[in-house]
Each structure stands twice: as structure tokens, then as C-alpha cells.
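Here is the structure we will look at, set down as C-alpha cells.
Letters A, B, ... mirror the listed sequences (proteins, then strands); counts begin at 1.
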Amino acid sequence: MSGTEPGPHPADPLRRLSDELTERLVRPRVYGRHQWRIWWGVAVVVALLPLVIAGGYQFNIAVNAELFAILSLGFYFQFALAGQFSFATPAYYAVGAYTFAWAAPSGGFLLAFGAAVVVTAALGALTKLLLARSPLIHFAIATLAFGSLVLIVLQNWTSFSGGGQGTFGIPQPSIFGYLFDTGTKQYYLCGTVTLLGVALLILFERSPAQRDLVFVRDMGAVAQTAGLRSAHVQVVAFGAGASFMGAAGALLASTAGFVDLSSFSTANGVSIALLVLLMVLLGGVGSVWGPVIGAALLTVLPQVLARWKSYEELIYSVIILVVILVLPGGITSLLTELRTRRTRRRPGRAPAP
Amino acid sequence: MSPLLDCHDLTVRFGGVTAVNAVSLAVDDGGDVVGLVGPNGSGKSTFLNAISGLVPAKGRLTVAGKDVPLGRPGAIARHRVYRTYQTPQVNPAMSCLENVLVASTDTSLRGVVGAWPLRPGMWRHEKRRWQEAAEALERVGLLDRANDGAAGLAYGERRHLELARALLARPRLLLMDEPAAGLNTAETSRLARLLRGVSAEGISAVVIEHKIGFIEELCRRIVVLEQGIQIAAGPPTEVWRDPAVMNAYLGEAL
Ligand SMILES: Nc1ncnc2c1ncn2[C@@H]1O[C@H](COP(=O)(O)OP(=O)(O)O)[C@@H](O)[C@H]1O
Ligand SMILES: [Mg+2]
């Protein structure tokens, strides 16, 4: 068959189907609504939590949990969605905080917050761009080096960061003249940003951007031969993830009122890069709620276990092993499992014939 | 006029093995179909991999007269040349429709701008993309599986899914690696009919295949490889009579 005769419609070889037929048959399942119902549920919980929180110290813990939730959402974006394992989380966190501290006194909260987000997005995109050809493990190690480099630069660039002294007197958050000057108000501010972050991820997961990203993540060079611009897609996703970390940094700077580099190396004696990884793994990489649950649990846990402080490392190690061996999908996978089991059992409740 | 695809002296070496040895091949525009045959391990898949930039290669490659850099996956896709694989490459974690949609040529609002600030515009483009993808699926007979996970597809169906993806990309040239492997007789002749239709629309193709009837039905010309070397080329009926080709296949259960 030589096919020398040109067809009737060479420009448009695909037969047209009617619009409604397509809509009915192929509206992808992923565009379902259940994530939004969960979102509203969590929003109600966040709104009512201050009823059971007592005292400034507990509000500090809660704000901390929210900051870690935002950090973990950024890590989830980079790791779970884009398939990029990075150790540079503390670097983006720090750059976000220092950018905010630099911009807030003259620019005000919103502008400084925006600056932190934009600068860290650009820095994240740059990281991925420079390392575009590095395979997974090399990329991870390189981000470790990149992260320390950024922190060293901040340490020595004293006119910008205050060096070892840190930066003090960062203005408290204030939006259109409303000052967030109490623990409760700051809790609500950070909670709102966390919920906005989750909403952004839910929207992303319901968009063609997610589809392209997952295909690039899973299919490697095959995606490129199908016409996808793999490098571009991954650079954008990595930058977007980093911008979440920058947002967390900005909130840290303005709620704490000062930043110094020790805030970005460890929390409760555990490296922040590892702690965030642990939060995402414990919560689960299969759902946007994983990082939120993981961050909440691992921020509150050390408080509950304060009496056993000397066993902290042991406890973290056991959690890592249990998650990896018993619960590789994290807590959210357990919840999903329970839900599908319950819905499956329902028809079985009918009396046996 | 220069051919649509022109491979000149493509050579691929893996360590000491020369898997493809100075093979040249030309495909014309407008529905020309060239078959690539040869015993197992003769370098057919490696040849397609070289064209699509998946393995480092030497030689010269042009599409419609324009040079295409070698060893860069996706370089040739910019020239609207798309492919399928010997082992079907579908993402089992995604639905059939999504597996096809990624190849849509409509790239508007597919990034974070469409995901966040410009969602209404994104939806308009998405609906058009769904429709196109549904048409591509319908063409290969998988429309009723559109929302099923690709993991549930049988081997032959995965091949068809790959083909739908390649068709959605509006190719000028398709590269297909054993598209009929694993299909029964009825399915094979249905695929041949589909591919003849594709060719009649002006889409050219390079097809690797072992099934002689399939090749004869589809290809104007075939090229025979043995141990990476081109040993014959021409219309199928002439090539089969070539003694070198008969030798190459001696002992191969065909
Ligand atoms: N990635 C690779 N690395 C090393 N050798 C390879 C690779 N791909 C193919 N080969 C070798 O190249 C030769 C040709 O293989 P292939 O192109 O798959 O043959 P065919 O598709 O004609 O059956 C074989 O000897 C095979 O072992
Ligand atoms: Mg092969």
C-alpha cells in the first residue's frame, strides 16, 4: 500500500465527535469534588481549634505546625508530584525569611510576602535548571551542597542577614492596617495561608499541569519523544514547590519578629530537611493531606513526649522504620484504605438470600 | 524535493558492539510507508531509538531538509515525528485518556498559569483537548475505556493506546516498533486497515514488523537489516527473493 493519494482531510485526520458525547464519556475522574469537602472540613477544624488551645505557648506550637505544614506542602510538590528529591528545603525556607525581613520594613507585609515567594520560586527554578541533567541521586546530593552554600552565603552576607547576630525588629504581619499582634491572630493568619496552599495544590492536581508533570516524572525520555518539554515542566514545578517554602519563611520571620540561621538548621534537634521528609512520608505521599497530617503530628509529638526527651532520636528512628516497613503510603493511605473498605462492605450488608 | 525523513549513515555502537552500522533510509512525505525487517537482534529497534534521540548515534538525520541533532530525545518530535515502542510505553498510574492527552498539540494554559490564575480559559482548552483525545481513542477502538486506568489494559490494547497518543500529536511521520506483535489474526488485519487509513491521510511511517502479510499490505518499500547492516532494500516481493535475505532468515522460525 503506497498511500500516494492524499486523504480528504490531511490537516485534520481525527473524526469529530459531538461535544456532549465527549463530555459525558471522557470527563476525567480526577475532577471529582471530594477533596473540596475534606478541605472545608479541615478549615472548620482549623477555625475551631483555638477553643481547645490554651495559652501563648500552645499557640506557638500550633503556628509552628502550620509553618511546617506549608514547608511540607512545598516538599510534597517537589518530591511527590515532580519526583525530585531535594535536601535544599532549609535554604528556601531561610531565603524566604531573609527576603521578607529585608523587604518588610519599607514594603509592608503583603509586598514582602510576595517578594519572598517570587525570590524563592526563582531560586528553586534556578536550582533545577542548573541540575537539569543530573539523575535523581546526584540531584539530591547536589541540592544538599546547594543548600549549605546558600546558608553559608547568608551567614557571611552580614549587611543583608545580620550574620550570626540575626535580623531583629521584623514588623509583625499587618494587612490593610489590620495588625496580627496576638498568638491567636497569627495562628489564623498562618492557618489561612496553609489552607490556601492546600487549595493551590488541589487545583494543581486537577489541571493539565499535573498530568504533564506526572507523565514526565514516570516516563522519562518517553515523555520527550511524545513531545513534552520535560525540563521546562520540571523546572516550573520545582520552583513552585520552593515558593511554598519561601512563604513559610516569610511567615516565620514576621511571626517571630527575628530570624537567625539556627532556625533553619534544626528543630528539636532534628535537621529540618529530614524532619520535613519524615512529615511527608508519615502523612503520605499519595495525598495532599499527607504533608498536613504529618506536619501536625510531628510538631505536636515532641511536646507530648517532652518527658522522654532523651529518647527522641530513638522515637524518630522507629517512626521512620515503621512507616517504611508497615505503612509505605503513610497515614493517608491507611485512611483511603479504610474508606474504600467501608464503601465496599455496604452492599454486603443486605440480608443474605 | 528532499524526502520527509532522511537518515544518512546512522551508526550506533554499544561498547564494542556495532548495533546499527551506517544504515541509510529515506521516507517520502504524504503517506509513504517503509517497512524495516530483519532477524531478532539485527538492530531495528536501536535504529528507531537513534532516530528518536534515545541512544547516542553518529551520522546525519534530516526531516524535510532540516538537520535534527542526534542523541537528544524529543528533538525530532519538534518536527512532528512521533513513535511507539516495542514494549508499549503507557503510564499505568494514569487513565487511558490522560495517557493520550499528554501528546495534544494544544499546549495553551497547560502549566501553572492554567492551573491557577486562568482556570476558565484552561477549562475551555481542556474540553477541546478531551474531545480530540476522545477522537483519537475512538479511532483505535478504546473510547469506551477512556476513563479506565491504563494498568488494566491488555498488551495489544496498550499498543493501540500508544498509537492513539502518537496520532493525537498530529504526526507527519510515525515510527512504529512491531505494532502488530501479540495481536491475533483479526486484530492484525484491523490494525493494518487502520494504518492504511492513516497513510491515506498523508501521514508517512516507518514500521518494524515480523508479520510478512502485514508488511506487504502496508509498505511500498522495505529495508532489511542483519547484524546492524542493511542487506537489501526495495519493494517487498523483490526483497523476499533476494538470496542474502533468504540466508539471513535461514534458521529463523518465521
Ligand atoms: N541499550 C543497549 N545497550 C547495549 N546493547 C544494546 C542496547 N540496545 C540494544 N543493544 C544490542 O543491540 C543489538 C540490536 O538490538 P535491537 O535493536 O533491539 O534489535 P531488534 O530490534 O532488531 O531485535 C542487540 O545485540 C542488542 O543486544
Ligand atoms: Mg526490536
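Neither the backbone nor the side chain of Arg221(B) has a heavy atom closer than 4.5 Å to any heavy atom of chain A. In this structure, chain B has a heavy atom under 4.5 Å from the side chain of Leu228(A), while its backbone stays farther away. For Arg165(B), the part lying under 4.5 angstrom from a heavy atom of chain A is the side chain only. Proximity to chain B is limited to the side chain of Val236(A), based on heavy atoms less than 4.5 angstrom apart. The parts of Val214(A) that come within reach of chain B are both its backbone and its side chain, each placing non-hydrogen atoms under 4.5 angstrom from that chain.
Between the CG atom in Leu174(B) and the CG atom in Leu167(B) there is a gap of 6.0 Å [rounded to 0.5 Å]. With rounding to the nearest 0.5 Å, the separation of OG1 in Thr127(A) from CZ in Phe238(A) is 5.5 Å.
Between Lys211(B) and Glu217(B) no salt bridge is recorded (no basic side-chain N to carboxylate O distance below 4.0 Å). A salt bridge is defined here as a Lys NZ or Arg NE, NH1 or NH2 lying under 4.0 Å from an Asp or Glu carboxylate O, and Glu209(B) with Arg159(B) fails to meet this definition. Between Asp29(B) and Arg172(B) there is a salt bridge, since a side-chain N of the basic residue sits under 4.0 Å from a carboxylate O of the acidic one.
Ranked by non-hydrogen atom pairs under 4.5 Å with chain A, the options Leu195(B), Leu109(B), Val90(B) are led by Val90(B). Ranked by non-hydrogen atom pairs under 4.5 Å with chain A, the options Met94(B), Arg78(B), Arg83(B) are led by Met94(B).
The closest side-chain donor-acceptor pair between Gln35(A) and Trp39(A), if any, does not fall under 3.5 angstrom.
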